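Here the structure is laid out as structure tokens; the discussion comes afterwards.
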Amino acid sequence: SGAPLKMARRQSQMGDVLFAMKQMPEAEQQYLTSLHTTEAMGERFSTVITCKQLADLYVEMGQKDKAESYYAKGLAIAEETGNKPQQQQLTQKLYELFKGHDDKQALQWLEHSTMLKDSIWNEHLEELLSDYQIKHETIEKNNVIEKQKHEIRKRNIALAIALLVLVAMAINILFIKIIHRERKDRIKAEEQVEMLEKSMNERNVKLINDLTDYILLHMDEKAITNEEICKHLCVSNTNLNQQVNRMKGCSIQGYVQQLRMEKAERLLRTSEKTVSEIAMQCGYEDISYFSRVFKQRYGVAPTKYRQDAKG
């Protein structure tokens, strides 16, 4: 049922566009098709809207009888549904339709429209008064509650003061024992922390060593992802990143690039391999990118670095 209703609304909107473009027959056809659908589906709110659109169209076309018919039809449906805003709009339209050529009928519709407008305003005013009353009652209740809370707070403060006196007396008695116990606990805790830090440092050093071994073993691969590394080392990405940053001052991928560059630099100094071979061996398929990264780290291009290194 949703699709036909959406189509009817689009047809109604298209009718508005055609109406604005003064294409009256085409607009009329769109409105009538939309009206047929909304009536068949029992969508009375949308039916009233389309009746008003058709009537407005017929007014523009000078067909006042048809306009009156559709205004009246929409008004009847609005009265059945009890929709006063729609009723007021349509009675206003009927007043404007009859004004100037049937003043008696126009006056009747004006009176009807005015009564509806007053009724709508009165209902709105009643809602506002009801809301105000509810808010006023709520404020009164909140004031009473706040007073009760204030009294409770006063009693609680008095109880708290009495308890504080008792606690102070107990603390005064136990003070020396607590200081002695805390001193012993602090020494013990410092020893445990020292042992824990030593153990953690050993594990972190081993973790970085294992990471280094893994990177060097897979150096010739183009992509060494964090996911593969963490899976191999059985560690989370967050933990590994924290340790690498703490011990090496960079991210995991930054450390990968650092080792790649160090190997490239060593091969440029000690081997006769071409720059392309060295780049491939260090995991770089793009020679231009390799040269750019190398220059960023060492200040010169790989070829120049080799020449300078070998004199």
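Numbering of residues begins at 1 and proceeds along the displayed sequence. Values reported hereafter were calculated over all heavy atoms of this structure, with side chains retained and with hydrogens, waters and symmetry mates removed. As the structure is a prediction and not an experimental result, all values here were calculated from the model.
Among all heavy-atom pairs drawn from Ser271 and Arg306, the shortest one is O-NH2, 3.1 Å.
Pairs engaging residues 228-259 under the ring pair (Phe, Tyr, Trp, His ring centres under 6.0 Å) rule: Tyr214-His232 [sequence neighbours left out].
Checking side-chain atoms of Asn241 against main-chain N and O of Ile252 turns up a donor-acceptor pair under 3.5 Å. Counting only distance, with no hydrogens or angles, the side chain of Gln87 and the backbone of Ala78 share a donor-acceptor pair below 3.5 Å. Here the side chain of Thr212 pairs a donor or acceptor atom with the backbone of Ile208 at under 3.5 angstrom. Side-chain atoms of Tyr284 do not come within 3.5 Å of backbone N or O of Ile278 as any donor-acceptor pair. Listed for the Asp102 side chain is no donor-acceptor partner under 3.5 Å among the backbone atoms of Lys99.
Ion pairing of Arg269 with Glu265 is present here, as a side-chain N (NZ or NE/NH1/NH2) and a carboxylate O approach within less than 4.0 Å.
By the 30° and 60° cut-offs, the orientation of the rings of Phe290 relative to Phe294 is tilted.
In this structure, the side chains of Thr37 and Met7 stay at 4.5 Å or more apart for every pair of heavy atoms.
A donor-acceptor contact closer than 3.5 angstrom links the side chains of Gln243 and Arg246. Judged purely by distance below 3.5 Å, without hydrogens or angles, the side chains of Glu262 and Gln258 pair a donor atom with an acceptor atom.
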Donor-acceptor list for residues 65-72 side chains, cut-off 3.5 Å, not counting sequence neighbours:
from, atom 1, to, atom 2, distance (Å)
Tyr71, OH, Asp56, OD1, 2.4

Sequence neighbours excluded and cut-off under 3.5 Å, please list the side-chain donor-acceptor pairs for residues 112-122, or say none.
from, atom 1, to, atom 2, distance (Å)
Ser113, OG, Gln88, NE2, 2.9
Ser113, OG, Gln92, OE1, 3.2
Thr114, OG1, Leu110, O, 2.7
Ser119, OG, Lys84, NZ, 2.6
Asn122, ND2, Asp118, O, 3.2

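Residues passing the salt bridge (charged side-chain N to carboxylate O under 4.0 Å, His left out) test with Glu191, sequence neighbours excluded: none. In this structure, the salt bridge (charged side-chain N to carboxylate O under 4.0 Å, His left out) partners of Glu272, at least two apart in sequence or on a different chain, are Lys310. With sequence neighbours left out, the salt bridge (charged side-chain N to carboxylate O under 4.0 Å, His left out) criterion links Glu39 to Lys73.
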